[in-house]
Every structure is written in structure tokens, then in C-alpha cells.
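The first residue in the sequence is number 1, and the count goes up from there. These numbers were taken from a predicted model, which means no experiment stands behind them.
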Amino acid sequence: MSNSNIWHHKLFHYQSLLRPASLEHRSKLDSSGIVAKYLFKAARRSSSFSGNDLKLRRSESGIGGSRRSVIFTPRAVLAMEPSSEQLAGKFNLDGNIEMQVFVSNSSAASIAQINIQITYSSDSLLLHWGAILDRKEKWVLPSRQPNGTTNYKNRALRSPFIKSGSNSYISIAIDDPATQAIEFLVVDEAKNKWFKDNGQNFHIKLPMREKLIIPNVSVPEELVQIQAYLRWERKGKQMYTPEQEKEEYESARFELLEEVARGTSIEDLRAKLTNKNDRCEIKEPSVSKIKNRIPDDLVQIQAYIRWEKAGKPNYSPEQQLREFEKAREELQTELYKGVSIDEIQKKITKGEIKTEESKQLQNKRYFSNERIQRKKWDIMQLVNKHAAKSVEDKVSKSAEGKASVESKVLKAVELFAKKKEEHDGGAVLNKKIFKLADKELLVLVTKPGGKVKVHLATDLEQPVTLHWALSKKAGEWLEPPPNVLPPGSISLQVAAETQLKNESSTEFSYQVQSFEMEIEKDTFIGMPFVLLSNGRWIKNNGSDFYIEFGRGSKHVQKDAGDGIGTARALLDKIAKMESEAQKSFMHRFNIAADLMDQAKDAGELGLAGIFVWMRFMATRQLIWNKNYNVKPREISKAQDRLTNLVQDIYANNPQHRELLRMIMSTVGRGGEGDVGQRIRDEILVIQRNNDCKGGMMEEWHQKLHNNTSPDDVIICQALIDCIKSDFDISVYWKTLNDNGITKERLLSYDRAIHSEPNFRRDQRDGLLRDLGNYMRTLKAVHSGADLDSAIGNCMGYRSEGQGFMVGVQTNPVPGLPSGFPELLKFLLEHVEDKNVEALLEGLLEARQELRTLLFKSKDRLKDLLFLDIALDSTVRTVIERGYEELNNARPEKIMYFITLVLENLALSSDDNEDLIYCLKGWKLALSMSNSKSDHWALFSKSVLDRTRLALACKAEWYQNVLQPSAEYLGSLLGVDQWALNIFTEEIIRAGSAAALSTLLNRLDPILRQTAHLGSWQVISPVEAVGYVVAVDELLTVQNKTYKFPTILVAKRVKGEEEIPDGTVAVLTPDMPDVLSHVSVRARNSKVCFATCFDPDILADLKAYEGKLLHLKPTSADIAYSELKEGKLADSSSTNLKEVSPSPIKLVRKQFRGRYAISSEEFSSEMVGAKSRNISYLKGKVPSWIGIPTSVALPFGVFEKVLNEDLNWEVANKLQLLKKNLAEESSALGQIRHTVLQLAAPPQLVQELKTKMQSSGMPWPGDEGERRWEQAWMAIKKVWASKWNERAYFSTRKVKLDHDYLCMAVLVQEVINADYAFVIHTTNPSSGDSSEIYAEVVKGLGETLVGAYPGRALSFICKKNDLNTPLVLGYPSKPIGLFIKRSIIFRSDSNGEDLEGYAGAGLYDSVPMDEEEKVVLDYSSDPLITDDNFRRTILSSIARAGSAIEELYGSPQDIEGVIRDGKVYVVQTRPQM
């Protein structure tokens, strides 16, 4: 763009900035209203136009012409007979959800307005709609659509509702009079929940509107501008995109033309838009003034320069006019000096007019001189709940207990797979889902009973024929043996054909076409196939489909692994194409672009595969160039193609944005045209300008000419550093080596660099100038995330100087927030500050401002992404520089830095809800500290523990998603093993998570000291002597038997594990609850059990591995010392003495002729202690303690059902599996699965129904047969838990006869708890019988007694002062379980609460409905924030415990819940 064009652009821009004017260039403009664009830029920057006079100046005859000032006051948007709204429909959608539809009823307007209001709030609520024309049923898609509307398969529009509190709204404008009605559905996309009108579309008729004939006349532009401005004001002065500005301007013009069509004259329009009484003042300037008048276009340019120098502030209309007049005065001063108009114009263009900077920034800065003034952002607006799912199943990688917070709506083939997996039992050998346009194809390989079974299913609607074969080696088609052919199959030469059969399930709600085939194991290794449907062959991207029968191929090179947990097909293709990719960056980026569709279809693991490949490239594990000459602009163009594709996937796949950001960070920005070519051209300019055409510079030029790479950024920086250090060559080598470039690497380039730089001193200034400019070009291509280049690309820049980059201009990204330029300027000015707090605030403020643009922007999205990635990266760098600032800081400052880094991590994470609630917790902790709360350190410690759990979860996600792909692809590509071993670790260390972990480690000891917590929490204080063994997880060794007394140092303890035989102590950094299963087991078994919070102590203990230690615990500490070998025999440790276990016997229970009994009938012959205790409490505890109504399926019912004729197949299979159990414990899973196949005898159903209804409990069958099936499945799961691994090995360990173990089922109505608690009426840690110990969690108690990470709220209470509970620790559990009104089926065996054996907790209690997992926000929980509420709740729990202990006369272990402040006790047992 030439200078004159640039200033012409600025002229227009500032003319709009100053005033919504009618320009003298109007006659040259087309009807698209270019002027309007600039009008709205002005409107956006104005905050108070309403009620102020606007002056429109119009030059009639150029510079020498007369000038008059037209003064008018905007009145209201031209209403065109304001429309009245009428209620068009009122609908009840789902229970108490109501929808109202209002339609404008103005016959005079051609635009109909439909407003829809719904009493339902969701971020994903959409209107699925279309228009009806001329009584045609087919929907048409109007061109006028609400913001955010997307086209759904060209069949409908989807427009987002606007959420407001508990309601949602949407407005639609229909401007085609031929539209007779609209039809729509409402859908909550996240929940796949559809709202219909009694199964049909909602149909809303529109009022008749006259079809206006718009005359072929024009409306004065100044009137269009006024109407457009007033429309903008009416709509709340919204931020418009350039496209919206143009649309609004044309809509204003159309409204005025409609009025003209109705007979309104132009003068009447003018009168309506302006005050009729205003007078137009026409002032004729004197001749002398005309001669000396400064042309308006020059004044506007000067005013623009003033505005730019002031930091582009947001001026009010009055300030705009004052600035315009000051610019005129400055130019008038030049004129008085005798400078001609032509000379003034030249001086302006060169920026030589002296200008006084506006004081605007001093009065209203985005930041003060010292720090950013941060806006009060709503933290909850940062929440992303996008949990990515991969299409390719991660077979062995699914983490237990990591289900998504939001339940996933399964598709037909997934429901089919779920049913088959449950039915087949055994292992899943392979599972893949292939995309068939908008349909899917599932192939599932299982191994029930030692055979291989293949299931295939598709949701295609047309009949499908499977053309298939078997193979013993890859690529082979062998005719299937006759004994494996499904019925109706046809044998062909080397293949078979089978018609897929229709299959549906009422239980799982699906309908598919399916195929099933079973073969002996190890006969064949795979199955190739294609599909035939409707005369069309369906293949897998042009190739045959192929499914392997084993977990991975036997034909991949041995060290490549099996590819489980990866998008293996994609990685195999990458490996196959690597030899082509090695030719150049152009080849690699183009291949990556070609693979992006396949990666996107493979989901999370596919994108992880692309990232791993690009990361190998970026870390130089792969060859960058193999003797291939590529022009830099070709590399740049390939980069641009790849990053454009990544940008598009980012915009449309919010669940994968974190991985896509990671891919972008490994690939440079790229760019069409000159950006890449300038790398090649500008090195020549540098050589020519500075007379350095030989030696190293020529070698570098040849390398750049052949193939540029990210190494060139480092080489350029090394040259700059060398020149700045007075040509010290050692500085050159230091910069290179620090960034991984050795002499050998320089020599390895196809165009090798042999020489060292050799410059003259007189070249210094020119080289620094030109290399500095060149660095920007290199970074623009290779370092998209570099802060300086990223800011330049978003804000726009223009480079000049001595023929160097002449005329190169990057335009600014449109629609950036007001005040953003000066914020970015602040960041660049302070990016190297030693005191980093203000800089961190500024970086995060910039990221917050960008966030909304990243979600909305389509144009230049990747430039915004690179800027955000650069800001994120800079936060990490800055926080590491700021560690020194924290050396002697108060804890509040460290906590504040933690909030900043946590905010940064949340801004970069997809599924960040837990991180956001951690952030809210830290802000509450800071508030408590500032208000001098007694508990601030104790609460802060709980937030710290939760934040650590969140980081561990984040690291686990990286490990599960990235590491398998790194190992598999790395092995195929020959990447160094050390690089593979640390791949994920390096990713984590490079991110905010590592910096956050460092800050937490700094704060932890301070909080423990302040809260008087010490380094240990001793759960079971037992003195012990044993040999130290370090293990990763207690779970992996729970069934092991140690021959010698063993002290286990376990990295992870979940809470549900068994303690291995021979173990005398378990020490862990993990935080199981004091009342968790493993804690109770430790105390019962007299095993020392403790949590250690100090990593140095843990490291010291691990250093003793294999040595004999003596542990001596107190209630708050553990002393330890090494013993000599001979001391073991002399040890008096109680748990080392041989104690012959007292024989424990079970008595087999018989069926007593009753399938169901009420609580009044509970006895030791019929039910276990759990049921009897709850029955005993009823009527004996104080009335303020609630006891849930109960019935039971007594002992012997399971055995009776199993022996029914309708279950004889199940009984036979179970008998067979139990025989195998002695040799193969893996049969336990198959036994449990077999129990679930039992059918319910009608008599059982009838008796249970009668007992539940007579006891006042709801009967599930009243809600439909499916609800009873859910209840029956829950009962069977309780019975099946007899064969849980933990329970089975536990009974075997104490030599209990497992066959004699009988299972009753206690049936209770679930209380939808606000809180759940467990009480021990004697403090289990200290043994103090004078105080009660209890733990409390939000929601149901399963998170307390099950293996859910984090700690519960814990407290003690003296029995002689039950109104003064003392909190020992605040909660850190991230997850709470909640459930609607439901029934729970509790295990109640004869093997629980036996003397000398605590079997409680070994067996399952199963609710009829699945609990909802909710990420918890403690910062708004009154149990945390309200001292009085907390005291009341905890005291009532303690009083309930005291009352029940008094009733039994012995210490009790009690479980219960709180609902609306009322205490309910659901079970009690003797405290062991």
C-alpha cells in the first residue's frame, strides 16, 4: 500500500472516529455504504452519544468552497409505527419448564419480530428452526438470522439462546412478507435433550404483512447515518464486526426506503429524525478566512496522528470535536509561519508537524504507571466442561472413576457395544468405530470363554451386505471355514457374504444392523471386509476395512509396542510417509495438512498423534531437510495451509482446543505470499547494505535459500548477541549451544555453515538494525507464538528503512477490545521487569480480553491464537523469573501468585471446572487471611491439597493421551529412547502446571506450620519394625504376601485397598480419609498407617529401601531409626508377635420361604447386622434423628433364585466357573457377569412389591417395566459383589469358607443428601473415648467410604461439650455424588462385623439410578463460609453419635446424611 493510500485509509478512519458525518467524497461511494463502516467505528468508541448534539459538517465545494454547519439532535430510531407484541403461544415443555412466544403484530411493517422466552437455563440451548412459505411443508432458511446461527446440513438453522439467570431468550426477525410461519424445536445440545410440541414441531403463524414496492429513489446518506446510529443506540451500543456494521447500515437504509414507499417525503423523514424547531445556521466565512482555511482532510489526518500518539483512547463525541479543533489549530500555526498548504501536507505525511500529546491517557489510563487496573472478571465465565472423547477406544487405558462430570449420550452403535460387552464378559480385544459420513460402523472383538467373537454393527438405514474374509497374515483374504459362517451366509472364492440382520434393544434403546461370528482363538489374526449397500461399495477411505483379533499387530517391529491407546492407523500412515516428510518443511507441513481430517475423525487420540509428530520435529528428533531445495515462500505457504486447517478445527471442536493449541505452538505462523519469500530476499538486502557477502553470511544465505528452519531464528539471535557484545565470538557460540545448536549441527545442514561470523566495527549499527528487522520476519514464519511477533501480527505493523521491507504492512485484526493496544504496549515495555507482579496481571488481563474473541472470531483466528499462546508462554517464563521475588515473601503473596498461575492454566485447559473451583478456593483463602480468620491456614491447606489433586489429574491426562502415541510413533520413527521416556514429563514441565506445583511446594510447609499440622497425619498409631519396600500403588501389591515384616512406602493409596499379609506399616504421601476402608483395616489389623506431607522425609524413608527400620508413632508424628539385622528378633513390637488367629466360622443360611420381609421381621436368621441395627434404632433414637424406611431380601433368596428352572443355564455356568476359581482368579469377573444374567421369579417380584408398598416405599415398577429392570439389575449387582476381588481374597486370607457366605439385600429409599457423614464415637487415631471423631462430605457418602481422591471435612467433639466441635481439616475432595429420588440396595452379608474380622465395606451397595458426579465449589458452601451454620451441622452430627452410642452402650461406627438441616442415620455397627 502506498503512503497516499495509507493516509487515505487513515483519513476515512479518523473522520468516522470524530463524527458520524456525511463526507464530501459521498458522490464517489457506491451504495454499499463504505462510510457506514467508519461511522460504526466511531459509534463503538463512543460511550455517551445519547442526548448530545451531533454536528455534521459538509464541505460543498472542496477547499475553497463555503461551509455550513447543520445542527441536529437525534431523537429516536425511526419507529415506522412501533409494533405491538402479542402472545402467539404458551407451551409446557417438561414438567415445570414453560415457553412463551410473542410475535409483533404491525401491519405497517414488513418485518415480523418473534421473541421466545423459556424458563430453562443452559449454555448449549439452541433453536432448531426454519420458515414456511406458501403453505409448503418444507423448511426454507431465511437469510436474516440471529448472531451465532449455524446451518445444520442445509435443512435447518440453529440459533443460540441468550441465557439470563434461570431463563433463556431469543429474538428472530423475518423480513420476507411471503413467510407465513416459522417452525422450530428446542434442543439442549450438551444433553441431547429435545423439546417438542407433543412430538411435533412448534408452529407459529406470522401476521400478514404488506409487500412493499421499494421505489427507485435514494435517501440522503446523512439520514441513513443518523438512522443507523440510532439503531445502534437502541440495541445497547453493541460491538459490531465489520460485516455487522455493513448489515446494520443497509438495514437502516432499507427502513428509510420503506417509509418513502409508504409515501413519506424526504423532508418528513428529516423532520422525524431531527428536532423540527432546530434552526440551520448558515455561516459564510470571510474571504480572508477562505484563503487561509486548512482543508478538512488534512485536519482529519492530523487529528488521527494525535489520537494514535495518545494511545488510541476511547473519546466521547465532545472530546472528538475538541481533538479535531486542536489538530486544526496546530496546522493553522504552521500556516501562520508562512508554510504553504502543499508543504503542510508533506510535513504531515512525514510526521513532522509538532503535536501536543493528548492528556487523555493521563486522565483515563487502562493502567497506572505501576500496574494494570484489572477488570472484575466473572471467574465462572471461564469454565469449560468439554471433556474430549476419542473415536478409537482406548481399550486398556480407561481410568477408573474418571467418568465425565456430564453424562454422555451414547449413539446406537455405542449402546450396541455396551450391551455386547456386558453379555460376553471376558476381555475386549479390539474395538473401533469407523465414520460413514453421518453414520457409524462399529467392530467389536471380545473373548468370552476362550473363543474370539466378532460383532459388527451399523446405523445405516439401507440394507447392508458384508463381504468378508479371514486372514492369517496382514493383507490376506482367506475363505472363512463353513463352521464359522453365520446362518444365511454365502461362500465365495476367498471370501463370504452375509446379510446384516436388524437388531434392537428396549433396555438399551437402539436399532442397528448387525453381524456376529465366533472362531477358535489363535486360528486367524484378523478380518478384512467391505460393505455393499444400495448398489454402492463402502470402503475405509478407499481401502478395505480391517480389524485385528488381538491387542495389536504381531507385524509391527518388536519395539514399536502394540499401539493400544493411540490412533494407530493414523500413526502407521505418518510413519509410512516420514521418508517423504523428511525432504523439507514444505513436504512435512503439507503431509500434516493432508492428514488433519483423519486426525480430527479419530478424535482426541488422532490430534494427539499429530501433536506428537510435530513435537518430534520441533525438538529435532526428525530430519528437517534431506537435500531438497524449497523456496521459503513455499514453506510459508505450507505452514499457512496447515495452521488454517488447525484454526478451523479449533473453531468447530471446543472439546479439542487444548490439543490444537499445542499443535499450533509447535508449528510456525506461516503466511501466504511475501512473508516466507522475504526470508530469502531480505538476507540479500542485509548482505548488500552492510557489505558482508562472503564467509559465514554467504553460507547462511545459501542455507536460507535452500531451506529455512526454526534454527535460523537462533542463528540470527546469536549474531545480534555477538555484535552487541563487541563482536565477542564466544557469545555467538553460547547463544547457539544454549538453544541446542552445536557446530556439528551447523555442518549437518544440506548447505552447511562452516565459518564463524567475521564483521568490521563500522558495520555494527547497520547490522543491528537490519538483523533486528530480519528477526521479525523469521519469527513471523517460524515462531508464531513469540510475543513480539504475535503482537505485531494482531495489532498490525509497517516496516521501512533503506530499501528494507519497503511497503510491507500487516493489517490489524478487526474488533479488538477497547484499550487493548495500550495494554499490549505496556506488556512489551515491561516484559523484562525484575518485579513481575504487575506484568503477570497485565498478561492475564490480555488473555481474558482475548478469550471471548477466540470463541467468536473466524477472521484471523490463528493470529489471535498465536498471541494467546505467546501470552501463556510468557506467563510461564515470567513466573520462573519471579521466584526470587517470593524468597522472603509473606504467604499471602505466594497465594496471590498461585491465583495468577492457576488462572493462566485454566485459560489454557479444556476441561477446567476443577481448576476454576480451586481458583475460587484460593481467592476465599486470601480473603480469610486478610480478615485474620483463625482457620485461614487450615482452609488454605485444603485448597492446596485439592489443587495438587487437580494437577495430578492433569498430568494423568497428558500421560494417557500423549505417552502411548509418543512411544508407538517414536519407535516406528527411530526416535531416541531417552526422548520417548521423558516425552510427557517435558510437556508438563514446560507448562503452567509445573510452575504452579513449585509455588504449592513453597507454600505447603508455611501453611502446615501456621496451622500446627506437622509433617504427619497418623491414622493408625502402631509401633512397628520392618524392612522398607517402596511401591507405586498399594493396589498392585494388596494380594501379595511378604515373608518378612515389611514397611511399605506407597506413592498412591486410594482408600479401598487391602493391606498385604506381612505388612507392619504403610506410609504414603496420599491422603485417604481417616475413616476409609484401608484406614479401618489398618487399625483393626494393628498396622501402622500414616500420611507424610513432607517430601524430604518421604525421600529419606525411600533411601532406606531394603533396610530394617523401627517406627515409633505418636498421634501427630512418627520417629524412625535404622536397626541392625539382629534386632528384629528382639523387637517387642506388638504386631510382630505370632498370634494364631482365632478360628472364624460362617454358618450357612437357609431360604426361609420368604422372598421379601419388612423391618419388623428382621432377625439374625433372615438378615445381617446392618439390617438388624437399623431396625433396632427405629423408635428408640430421639425424634429429630430420621431413620429411613427399610425392607429386605433375606438370606437364601439368591440361592433360591439360582435354583429356579428359568435360571438353570446360569446355574450350570456358575458351577463350572466356580470350579475354575481355585486355579484362575480371573474367573471372578466372569462369575459376576454370569450372576447378572439371572431372571426374577414372578413370586419374588410380587412379594417385594407388596412389602415395599405396605412400608410406604415407592415401587419401581409403577414407573414402567424398564424401571423394575433397573432395580432388578441393582439387586443382582449386590449379590454378584460376593465375588469382588477384594472380598474374595479377604475371606480366603482369614480362611473363611466362601461358599458359606450369604448375602441379604437391605432395600432403602435414597435420601438426596446435602451432606453425608461417618462417625466414630471413640477417636480412632488417639483411642480417646471422651471425644467423637467424624468426617463430612458434600452429597452422598460413597465419596467418603469409596476410593474417591481428596479429604473430607474432619472434626472432633468432646462428649461433655457437644456444642463446640473443633475442625481438624477442611475438605479437598473435588467430586460430590448426587442423586434424584431413588432406591438403594445395600449388601448385608453374614460375613460382616464378625469378632476378629471386619468384613464391612467389602461388598457393594448399589443405587437403582446412577449418581451424578458434580465438581464441587466449596467457596460458596455454607459449611465452609458460615461459622454458625457449620457449628449447627457439626454439633447435630456429634449429638446423633452420642445418642446412638448411649443406646448401644458401646463405641459405634455410624453412617448418615444431612438433608435440609435434618440428620438421618442409615446404618450403625460396633466400632472396630
Side-chain angles (χ1 to χ4, degrees), residues 1016-1031 1033-1042 1045-1093 1098 1101 1109-1118 1120 1133-1137 1139 1141 1286-1287 1289-1290 1293-1294 1318 1320 1322-1328 1333 1335 1344-1349 1351-1352 1354 1368-1369 1392-1402 1451 1453 1469-1472:
W1016 293 89
Q1017 179 175 23
V1018 182
I1019 297 168
S1020 176
V1022 178
E1023 191 172 353
V1025 173
Y1027 293 94
V1028 175
V1029 174
V1031 296
E1033 296 185 41
L1034 182 59
L1035 185 67
T1036 59
V1037 297
Q1038 67 174 350
N1039 298 323
K1040 190 171 181 177
T1041 298
Y1042 290 99
T1046 299
I1047 297 171
L1048 287 177
V1049 181
K1051 186 177 179 181
R1052 296 188 66 181
V1053 177
K1054 291 182 177 179
E1056 279 198 326
E1057 301 90 339
E1058 290 296 312
I1059 294 176
D1061 285 347
T1063 303
V1064 297
V1066 178
L1067 310 177
T1068 178
D1070 229 334
M1071 298 175 288
D1073 293 305
V1074 173
L1075 301 184
S1076 66
H1077 175 83
V1078 71
S1079 302
V1080 173
R1081 277 277 180 276
R1083 289 191 291 269
N1084 292 344
S1085 306
K1086 300 295 185 287
V1087 170
C1088 179
F1089 186 35
T1091 293
C1092 180
F1093 298 113
L1098 271 172
L1101 283 165
L1109 277 193
H1110 176 209
L1111 305 180
K1112 192 166 185 178
T1114 65
S1115 61
D1117 197 11
I1118 291 184
Y1120 58 93
S1133 178
T1134 56
N1135 62 335
L1136 295 181
K1137 294 177 182 177
V1139 179
R1286 193 159 53 87
F1289 288 113
S1290 179
K1293 194 181 290 184
V1294 294
V1318 174
H1320 278 198
T1322 291
N1323 189 328
S1325 296
S1326 64
D1328 188 346
Y1333 177 88
E1335 293 182 340
L1344 184 53
V1345 298
Y1348 285 81
R1351 280 263 173 84
S1354 58
L1368 301 179
E1392 298 180 47
D1393 304 327
L1394 301 173
E1395 189 174 345
Y1397 174 68
L1402 288 175
D1453 175 354
R1469 62 170 70 92
Q1471 182 178 331
M1472 304 294 286

Taking side chain as C-beta onward, heavy atoms only, is V1049 less than 4.5 Å from V1031? no
Sub-4.5 Å side-chain heavy-atom contact between Y1333 and S1354: yes
Is there side-chain contact between V1053 and L1035, with heavy atoms separated by less than 4.5 Å? no
Any side-chain heavy atom of R1083 within less than 4.5 Å of one from H1320? yes
Is the backbone of P1451 close enough, under 3.5 Å, to the side chain of T1322 for a donor and an acceptor to pair up by distance? no
Contact check, side chains of F1089 and T1068, non-hydrogen atoms, under 4.5 Å: yes
Under 3.5 Å, is there a donor-acceptor pair between the E1023 and H1110 side chains? yes
Partner set under side chain to side chain contact (heavy atoms under 4.5 Å, CB included) for D1328, not counting sequence neighbours: N1323, S1326, S1330, E1331, K1358
Does any part of the side chain of P1113, heavy atoms only, come nearer than 4.5 Å to the side chain of W1016, both counted from C-beta? no
Got a second to check how far S1325's OG is from L1368's CG, nearest 0.5 Å? 8.5 Å
Using side chain to side chain contact (heavy atoms under 4.5 Å, CB included) as the criterion, list what pairs up with L1111, not counting sequence neighbours. I1047, A1065, L1067, C1088, I1118, Y1120
Under 4.5 Å between any side-chain heavy atoms of V1318 and D1453, yes or no? yes
Between CE on residue M1071 and CZ on residue F1093, distance to nearest 0.5 Å: 7.0 Å
Please round to the nearest 0.5 Å and tell me the distance separating atom OG1 of T1046 and atom NZ of K1040. 8.5 Å
Between the side chain of S1085 and the main-chain N/O of A1082, is any donor-acceptor distance below 3.5 Å? no
Using side chain to side chain donor-acceptor pair (under 3.5 Å) as the criterion, list what pairs up with R1351, not counting sequence neighbours. Q1017, T1091
P1060: which residues meet the side chain to side chain contact (heavy atoms under 4.5 Å, CB included) condition with it, sequence neighbours left out? L1034, V1037, Y1042, L1048, T1063
According to salt bridge (charged side-chain N to carboxylate O under 4.0 Å, His left out), who are the partners of D1070, at least two apart in sequence or on a separate chain? none
Salt bridge (charged side-chain N to carboxylate O under 4.0 Å, His left out) involving E1058 - partner list, sequence neighbours excluded: R1081, R1286
